[in-house]
Structure formats: structure tokens, C-alpha cells
2 protein chains.
Amino acid sequence: MDLNKIAEKIKAGLRAKEVIIVVGSMEVFYEGRASSTLGAGERLLIIKEDGSVLVHRPRGYEPVNWQPPDSKIEVGVDEGRLVVEARRVRPREVLKAVFTDVKAVLSFKLHDEAEFAMYATEEDMKRAILMEPTLIEDGFKPMESERRAGDSGFIDIFGVDREGNLVVVEIKRRNATSEDIRQLLRYVESVERELGRRPRAIIAAPGVQRSAMRELASHRVEFRCVTPRRCAEILKRGQGLERFL
Amino acid sequence: MDLNKIAEKIKAGLRAKEVIIVVGSMEVFYEGRASSTLGAGERLLIIKEDGSVLVHRPRGYEPVNWQPPDSKIEVGVDEGRLVVEARRVRPREVLKAVFTDVKAVLSFKLHDEAEFAMYATEEDMKRAILMEPTLIEDGFKPMESERRAGDSGFIDIFGVDREGNLVVVEIKRRNATSEDIRQLLRYVESVERELGRRPRAIIAAPGVQRSAMRELASHRVEFRCVTPRRCAEILKRGQGLERFL
DNA sequence: CCTTCCGTTAGGCTC
DNA sequence: GAGCCTAGCGGAAGG
């Protein structure tokens, strides 16, 4: 298939808002927030219906070059080479692929309106703890979630322990950082100002960054190991039960 | 083409370490660090020679599901549906794509050994400043780069100004945050402890986040606007000169 | 519109 | 191998 035919096929795909795949030998140039060059090699160029562009090498999960949605795409033939340019304005960026050889061109209208559902977000972890408060400790009683803490933000879970002490719980789905500890302490102080009693501070997360350990200890913040994984299981179990209710 | 033929073609591609593209209607399930499901829809499944797997919807720059390199891939036909599973062990994760319809299967051995060159990283910015110290100010003399600052980390550039004052320069290729300012101040204090003289603190970046401005002013940290773009130009100029030396 | 924060972050580098 | 930081981060949520 000659280059002009290929260019026409790509243009037709663009007009029809299809997903276009070009396989072949190309050089790639990017200029924008940074700039990069990539010498000749065989790769995949993918143009999506929304104007996203991806260049994938034969190895590695990440694209070597790309352009986000809404890029303007131009296709042409110049000195016997197929040239695909994707431009966007803010920020001003250009991605240019120059093909010296094309092994294949595919273009498909893809219909995909399905919903993507991801489990065990931080929100899910909160639901799991509310459903199973022993994740924090025996006798813990959640009272409020997303309680306003003055102008410091929102407390993930606010409750009392078995001895009636107030408890502020901060949830993270990743290892807690010193910034997270500081945030939790701001909540503690806000509650103390408001209610006149200093609450216990508990961070519920899969772990604590080494660099945050000192801050944790020195401010008497307690740590509970709670992983998104385990929370997802608890929620799944809960959903299983719901079916019988 | 029947499903068994398609499965065979994919298996052959896997054996030959080719890059495989399957276009068709599929459901996708992921279970691992998190878990997700994606209902039926037409998408792209890409398997690379190193065992990376990508699922791309017709819109958006990012894959909706993926598996990093070194995943073990199994292909089979089950109840009239093509099933592709990619597993990895650490962490334990499974990505499963179940096709109800296949529009196309491509498999290519791609040869790509070209070098990828990215310009104006933070490292490049440092080289540009060392090459052209007036980017910081007239009379600035860099003395060391990557100088150890006690246990606080490494100072990007350590030097003296025209009046003999010590200068600590912190470089960022993006707008400076308050965390960056704090880091710089830790260096300042480390130098003061070590040498008994308090150095000037300069942050060299394209800008400063609004929220970091107060910290900048109150701690007398100075700001110099230095962009990756401009640094790339300086390096390019420098390389041009090198050719004549 | 801007800023801030999260991600199955990935990937690189140091200890 | 584990911890830590950067990214052309992208994307979402909040102001």
C-alpha cells in the first residue's frame, strides 16, 4: 500500500472518529514542556477518537511519547515519508512521528460505554471501617464520618473508644507521610478547641513512611495497619450478606 | 476467523516475543493491589514482547487496565469466548480480558533499539546553570554540585556570590512548593551548622506556587525564574560550541 | 479558572 | 531489596 493511500486511510479514520493504529518504522520528536527525540525504530502509533496519541515501543508499560486528548492531528506525506503531527495549544506542545516504513494500518470505530468500577478507594476503606470498627480496635464506636474540623478540613471518622475517649481517625490507602500526621494533628487541635477534650489520634493506613515515624511517636499518634485489600474483602463479604437481607 | 485460530495466533506471537494487538468486544477484570471490573465494550488489548499488557478504551490517554512487564500470559477459549489472562506474583495481580467478539488480531516482531533522549530534566537544568551561572545572578560562582548537607540530603548547587557570601541553590523544573522551600531551609541550616556562616538561599524554578509565597518571603528565600526550556537552549548552544573544541 | 491531592501511580536511584 | 523522589506526570475534586 503506498504512502498516499495510507495517509488517506488515516484521514478517513480521523474524520470518522475512529481509533487508528499504525505499525511501522518511525522517528519521533516531541517539543513542549520538555523536548525529546527518538531515533528510527519499529513501534506502534495509536490515535484515539478524542485526539489522544500514544507511541509505544515493543517493551515497557508506558508510552515513550504521547499527546493528551484534544490534540489537533495532521497527516501528510513529505519526501516519501508519512508524517503524523499532533499539536495542542495549552500548553503548547507538538508530537511528530515520521514513518519511513509502514507495516500495517488499522482503523476501527469502537463502541464502549461500559462503566469502570474500581474497588477499595479511600472512600471504600472508610465504609469498611464503619462496617467493621474492630479494624481500629475492640470497642471502637464510630459516631460521625466526614465531620467538619473547624477550617482544617474533614475528619474521616470521629468516634469514641471503649473508655469514652474521643477518637479521630485519619485513613490513607497508601503509607502515611509526615504531612498526613500533621493533618491529623490539626484535626486533634480543632476538636480540642471545640469540645475542650483532647481526642486520641489514630492513623489507619497500610504503613507509615520511615521519615514520618518520629513525628508519629513524638505526637503520640497511634497507627493501625489497614489495607485497601482487606477493606475490599470486608465490603465484598458485606455485599454478600446484603443479598440475604 | 474462529476463536481457536485466534488463540493460536496469539500464542504464536507470545512464543516469538512479538507485539500483539487484539481489537474486539471484551469485559475486563483486575484483582491485585486494588480490584476493578469493566463491562463489555470494544477496546484494544496490547501485549508487548516483555509481557506488559495494556487495555485501551477509545478515549483517553491512559490505559483503563494494565499489567507491567514480566507478567505471565495465558490464552484460552472458554465457552465460546477468548480469554487472555496476565498474572504477576509480586505483587500478586491478575488481569483478565474476556472477549465475546474479535474484530482483528495483529502480531509483529518489532525491532527498536533506538536511544530515547529527553532534554531539560532537572539534571539538565543544573548543567545549564553551571555552564551559565548568570542565570542565578551576575558574579555568582558555583563551587560544588550535589554537596552533601549533613543528613538533610544534597544541595543542587553550592557557591559564592560576588561579595563572598555563601549561596545555596535549589533547582526545580516545576513551580516550587512549600515543601521545596522547607527542604532548601534545611540545607541552609545544615550549612550554617557546618561552616558557621548562614548562606543565602535561592530557589531556581519556573515559578513558585501561590501557597508557598508566604514561606518564601518570611524566610528570605530568593527566587530566580529558570525554565527547563531556556536551559535546554543553553545546553544546545553549549553542545554546538563543544563541536569546535 | 486555579490549586491541591491521588494513583493498581511507574520508574529510577540510593542505601 | 526497600525506601524515597520525580514525572512532558494525568486526572479528579474543591475553591
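Sequence lines set the chain letters: A, B, ... in the order given, protein chains first and strands last, and positions in each chain run from 1. What you see is a predicted model; the values in this text were computed from it and never measured.
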Query raised in the report: Reckon Gln183(A) touches a base, only the sugar-phosphate, or nothing at all at heavy-atom distances under 4.0 Å?
Result: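 Nothing, no nucleic acid heavy atom in range.
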Requested in this report: Looking at every strand, decide which applies to Val94(B) at a 4.0 Å heavy-atom threshold: base, sugar-phosphate, or nothing.
Outcome: nothing
Report summary line: Taking every heavy atom of Val19(B) against every heavy atom of Lys48(B), the minimum-distance pair comes out as CG2-CA, 4.4 Å
Query raised in the report: Can you name the nearest heavy-atom pair linking Ala205(B) to Phe223(B), along with the distance?
Result: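 Nearest heavy atoms, Ala205(B) then Phe223(B): O-CE1, 3.3 Å.
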Round to the nearest Å and state the distance from [X] atom [atom1] to [N] atom [atom2].
X         : N      : atom1 : atom2 : answer
Met125(B) : dG8(D) : CE    : P     : 13 Å
Lys126(B) : dC5(D) : NZ    : P     : 16 Å
Ile171(A) : dC6(C) : CD1   : P     : 13 Å
Gln67(B)  : dG7(C) : CD    : C1'   : 16 Å
Asn65(B)  : dT8(C) : CG    : C1'   : 9 Å

When the [atom1] atoms of [N] and [M] are considered, how many whole Å apart are they?
N      : M       : atom1 : result
dC4(D) : dG8(D)  : P     : 23 Å
dT9(C) : dC5(C)  : C1'   : 13 Å
dC6(C) : dA10(C) : C1'   : 14 Å

Query raised in the report: In Å and rounded to the nearest 0.5 Å, what is the CG to CD distance from Leu95(B) to Glu85(B)?
Result: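 With rounding to 0.5 Å, CG (Leu95(B)) is 9.0 Å from CD (Glu85(B)).
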Query raised in the report: Distance from Ile129(A) atom CD1 to Ile171(A) atom CD1, nearest 0.5 Å?
Result: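 Ile129(A) CD1 to Ile171(A) CD1: 4.0 Å, rounded to 0.5 Å.
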Query - Results of salt bridge (Lys or Arg N to Asp or Glu O under 4.0 Å) for Glu93(B) - residues two or more places apart only - result: Arg33(B), Arg88(B)
**Report entry** Pairs meeting criterion salt bridge (Lys or Arg N to Asp or Glu O under 4.0 Å) with involvement of residues 54-72 of chain A, two or more places apart
**Finding:** Arg57(A)-Asp112(B), Arg59(A)-Glu49(B), Arg59(A)-Glu113(B)
Query - Phosphate-side-chain proximity, Lys172(A) and dC5(C), N/O vs OP1/OP2 below 4.0 Å - result: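 For dC5(C), OP1/OP2 do not have a side-chain N/O of Lys172(A) under 4.0 Å.
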Query - Where protein sits on nucleotides 9-15 of chain D, one letter per nucleotide: B base, S sugar-phosphate only, - none, heavy atoms under 4.0 Å - result: SSS----
Query raised in the report: Once the angle between the rings of His56(B) and His56(A) is folded into 0 to 90°, is it parallel (under 30°), tilted (30 to 60°) or perpendicular (over 60°)?
Result: perpendicular
